[in-house]
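Working notes for the structure below.
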Amino acid sequence: MKRKKMSIKWRLFLVMFGFTVFLLALLWFFQIVYLKNFYEIIKKHELQKAAAELLEDFGSGSSEWKMGKIAEDYDISVNLTDSSGKSIYNANIMENSHIYIFSEEHFRKMYAKAKDAGGTVMYEVSGRYRESDREPVRGGTPEVNSPPQNTGAPPGFEGGFGAHGMDAKSMVYTRIIKDTSGNEYVLFVSSLITPVDATVHTLRIQFIYISVIFVILALVLSFVISRHVSKPIMNVNESAKMLAEGNFDVKFEGRGYREVWELSETLNYAARELGRTGRLQKDLIANVSHDLRTPLTMITAYSEVMRDLPGENTPENAQVIIDESRRLTTLVNDMLDLSKLQAGVTELKAEEFDFTTSILAVMKRFSKLTEQSGYVIDFEYDDDVKVYADEFKIHQVIYNLINNAISYAGDDKTVIVRQTVREGKVRLEVEDHGDGIADDALENIWDRYYKADKNHRRAVQGSGIGLSIVRDILRLHDAVYGVESAKGRGSVFWFELEVLEEQG
């Protein structure tokens, strides 16, 4: 069973809706699932940056002022001690901070850890440094420059995190430094990594509502946009189905988008051409049937006369049969030539030949016609001209143009063949004095099956489809060709070839 394809409307709908869901999932992943991790990474980076700024002006006269400003800007605690743990300067420090005061053992552990790490160490600590854990150290308790504050604690936690030993985290940066005199100091920098669980929970609830709203909006917008985008394409598709069923009068209306409009214009052109081709094919059947039937009727009639009537087996009657047989052969050959040319299987056999002599040879084929039917074919030229082309096919072009002029000649039965040479090109013109061709028919006169005159008389010689053969042969030669005509003023068919050698 053939699987039914999804329509463009629903495919667009699914793509747009799926993209919205993907964005929501991406936001959920980064804003909810990994929010805590991102927060801790950012705080660590800020702590390192603040420590680097603190060390830039260490030992200068403005170091204490800058130390306080940096502590305030980055919301960190700073404690500078000597090598024994006595606080020299501190800023923005809280009493429940791990770097407020130290027992001698705790200081030595932190000092040793920094020494082992090359003078600098950063580590995490959980909870708060409790009062019960402190022991007096040399130098006494440092004067706190910034009183302890618990304004950052969530509502309902009286006394702040430190007072109740909440499971909070802090980052501590320890750096052993020396001044210009070689005295050793220890810089402690601490930053609270505030628990974000409550924030994450709030965001999760908020995000659930936002997600529901976004999904509903995405459903509506995806449906509206997909319907709006796909409607012109669906209309073109419906019209294309009608065209496939043979309705060549269908109109394609693609609005809203340039590509759809261009596709509609292309399909409208295709519909017009298919309709025109269909009509021309009907004309072909009528014309070819007429051209085939006439010689066949003549052959049959004269053959029966010669068979049934005594004395009718004359050379004249036999010649009629021969002439009509040749006409029939010419028609079939022309149709085969046209099919080969338009199928692109015909190859040129170019060679040097006398173009003027070829014209005279073609005119000789019409000598019997000029003698018996009173046609006049005049050839006007100055000198013989040589060209490099396929002699047989150019001969065929000249023959078809002259034959076409005879078929549509005026009452004077005169055809003028004119050869002129100018700027390295030879131009051949075939002129008749017939009814001419209307302006709206000129662009189609070379088309296959096309007849400007629906009531044309059968060609005196040839098939009546010679102009299509002329066009295709000249295109093979990359030759310039055309027609000049007006209703009631006759026609001039012409083409040009490069001159190989100009004489005279």
Side-chain angles (χ1 to χ4, degrees), residues 1-46 75 151-157 166-169 192-272 274:
M1 183 177 178
K2 189 176 179 180
R3 185 179 178 183
K4 190 175 181 181
K5 298 289 185 180
M6 183 182 295
S7 69
I8 187 172
K9 179 176 73 174
W10 292 112
R11 186 175 293 276
L12 281 172
F13 171 78
L14 289 177
V15 169
M16 296 183 66
F17 180 70
F19 181 68
T20 303
V21 173
F22 170 76
L23 289 181
L24 287 173
L26 201 64
L27 286 173
W28 182 277
F29 179 79
F30 285 105
Q31 294 294 324
I32 303 300
V33 177
Y34 281 95
L35 178 63
K36 187 175 181 180
N37 302 71
F38 291 151
Y39 178 77
E40 291 181 358
I41 292 172
I42 292 170
K43 293 297 288 185
K44 290 178 183 178
H45 177 73
E46 288 182 352
D75 192 21
T151 56
F157 291 92
M166 293 295 294
D167 187 19
K169 283 185 179 181
L192 177 65
I193 304 177
T194 306
V196 293
D197 292 342
T199 304
V200 171
H201 178 70
T202 302
L203 288 175
R204 184 178 289 116
I205 296 174
Q206 185 184 51
F207 201 80
I208 290 173
Y209 287 105
I210 294 175
S211 298
V212 171
I213 296 172
F214 264 66
V215 167
I216 295 173
L217 288 176
L219 283 170
V220 175
L221 288 176
S222 298
F223 179 77
V224 172
I225 294 175
S226 64
R227 185 173 181 272
H228 181 73
V229 171
S230 63
K231 187 176 180 180
I233 302 175
M234 294 172 68
N235 291 337
V236 171
N237 182 51
E238 292 300 319
S239 299
K241 291 179 181 178
M242 297 172 64
L243 177 63
E245 293 173 356
N247 181 9
F248 301 130
D249 295 326
V250 65
K251 297 295 182 183
F252 291 87
E253 297 181 0
R255 300 176 181 175
Y257 310 100
R258 186 186 67 184
E259 290 80 3
V260 177
W261 178 83
E262 290 177 351
L263 175 62
S264 298
E265 290 299 304
T266 302
L267 290 173
N268 281 325
Y269 174 76
R272 289 194 299 269
L274 287 171

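Since the structure is predicted, the reported quantities are computational estimates derived from the model, not experimental observations. Just the heavy atoms: all of them, side chains too, but no hydrogens, waters or symmetry mates, feed the values below.
- Legend: residues meeting side chain to side chain contact (heavy atoms under 4.5 Å, CB included) with L274, ordered by chain and number and at least two apart, are L243, F248.
- Listed by chain and number, the residues in a side chain to side chain contact (heavy atoms under 4.5 Å, CB included) with A218 are F17, T20 (sequence neighbours excluded).
- With rounding to the nearest 0.5 Å, the separation of CZ in F214 from CG in L219 is 13.0 Å.
- Rounding to the nearest 0.5 Å gives a distance of 5.5 Å between CG of D75 and NZ of K43.
- With rounding to the nearest 0.5 Å, the separation of CD1 in I216 from OG in S211 is 11.0 Å.
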